[in-house]
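Letters A, B, ... mirror the listed sequences (proteins, then strands); counts begin at 1.
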Number of protein chains: 2
Amino acid sequence: MPVLSLRIDFEDGGRIGPGKIALLEKIAETGSISSGARAMGMSYKRAWDLVDETGRLLGAPVVETRAGGARGGGAQLTPAGERVLERFRAIEEAAAKVAEPHIDAMLKDNG
Amino acid sequence: MPVLSLRIDFEDGGRIGPGKIALLEKIAETGSISSGARAMGMSYKRAWDLVDETGRLLGAPVVETRAGGARGGGAQLTPAGERVLERFRAIEEAAAKVAEPHIDAMLKDNG
DNA sequence: GCTCGTTATATTTGATCGTATATAACGGCT
DNA sequence: AGCCGTTATATACGATCAAATATAACGAGC
């Protein structure tokens with residue numbers, strides 16, 4: 001059964017969508033970019049690039065990082081990071097609700 | 001100013017989003033896959049592949065084609081093609097309306 | 001029956017994207 | 001002081017994506 005997914009498109013072609021949002025969530029859960037990347041099944045470099053671009057698009061860093069220390073370091077969401085995550089989930093929920101009858105109708109159109 | 005875009009994700013990984021929908025519109029306007037592809041700035045092959053996959057995902061062809069004849073042939077949307085276009089536009093409109101306040105709030109969060 | 005633009009399909013070329021790998025700095029902990 | 005996992009970054013390799021090119025069939029109109 002098909003499901004709606006959405007993205008926020010910026011003027012320069014950059015986008016924030018389910019992938020970057022899920023990564024932010026994993027980083028918040030696991031406490032580092034690298035473990036978040038592992039949880040997402042992607043390379044650290046890719047995760048770092050995604051986090052970096054998310055911050056660039058929003059005009060504010062979405063994670064605060066620290067290198068070194070007992071466990072090597074880590075990362076946590078900045079307030080801006082937490083906000084974009086919450087807002088994106090709110091948009092998803094609202095959009096899914098209003099789209100549901102249309103999707104149901106679309107499915108009934110054919111098989 | 002960022003804008004919302006959405007896609008319908010199917011279980012097998014296939015998606016229907018703004019690109020395929022815009023292509024269908026161009027085909028309807030211009031009367032052929034190839035002229036629709038030109039209007040979208042893409043190759044005929046890519047346009048054909050997109051049309052084909054859209055039909056596959058929906059379980060019904062979205063264009064009816066004919067080769068040969070005075071103007072070489074052409075294509076027009078099937079009822080299924082017209083329906084998915086209308087429904088997608090309806091979903092977009094409804095989603096944009098409910099998402100707008102959230103996006104405004106997100107913009108106010110930073111710059 | 002020849003032409004012309006289209007559909008339909010295969011193959012090659014090139015660009016883009018992501019992984020893998022390497023390297024350096026960092027800093028609590030033992 | 002040394003260790004370890006992390007951040008941050010660069011480079012090389014592979015895979016995937018899309019364009020470009022090529023080919024054949026089609027059929028109304030001249």
When rounded to whole Å, the CD to P distance for the pair A:Q76 and D:dT7 reads 12 Å
message: Salt bridge check, A:E92 against A:R89: does any charged N sit closer than 4.0 Å to a carboxylate O?
response: yes
Exercise. Is any side-chain N of the basic residue among B:D12 and B:R56 closer than 4.0 Å to the acidic one's carboxylate O?
Worked result: yes
dist B:S34:OG -> B:K45:NZ (nearest 0.5 Å) comes out at 15.5 Å
Going 5' to 3' through nucleotides 22-30 of chain D and flagging B where a protein heavy-atom sits under 4.0 Å of the base, S where only the sugar-phosphate is that close, and - otherwise, we get ----BBBS-
Atom CG of A:L23 and atom C1' of C:dG18 are separated, to the nearest Å, by 14 Å
Whether A:R66 contacts D:dG5 is assessed here as follows: a side-chain N or O lying under 4.0 Å from the phosphate OP1 or OP2. Is that the case? no
Heavy-atom closest pair (B:R87 atom, A:H102 atom, distance to 0.1 Å) is CD-O, 3.8 Å
Determine whether A:V98 and A:L4 fall in the same hydrophobic cluster, where Ile, Leu, Val, Met, Phe, Trp and Tyr are linked whenever their side-chain heavy atoms lie under 4.5 Å apart.
no
Does a side-chain N or O of A:S35 approach OP1 or OP2 of D:dT6 to a distance below 4.0 Å, or not? no
| Between C:dT7 and B:S34, is there an OP1 or OP2 to side-chain N/O distance shorter than 4.0 Å? | yes
Shortest non-hydrogen pair, B:I16 vs B:F88, comes out as O-CE1, 3.7 Å
Exercise for review: For B:E64, look at atom CD and say whether over 12 heavy atoms of other residues, nucleotides or ligands are found less than 6.0 Å away.
Suggested key: no
Within residues 41-54 of chain A, those residues having any heavy atom closer than 4.0 Å to DNA chain D are A:Y44, A:K45, A:W48
Check your understanding: Looking only at atom types and distance, does a side-chain atom of A:K26 sit under 3.5 Å from a main-chain N or O of A:S32, one as donor and one as acceptor?
Key -> no
If you compare every side-chain N and O of A:R38 against the phosphate oxygens of D:dT6 (OP1, OP2), does one of them come in below 4.0 Å?
yes
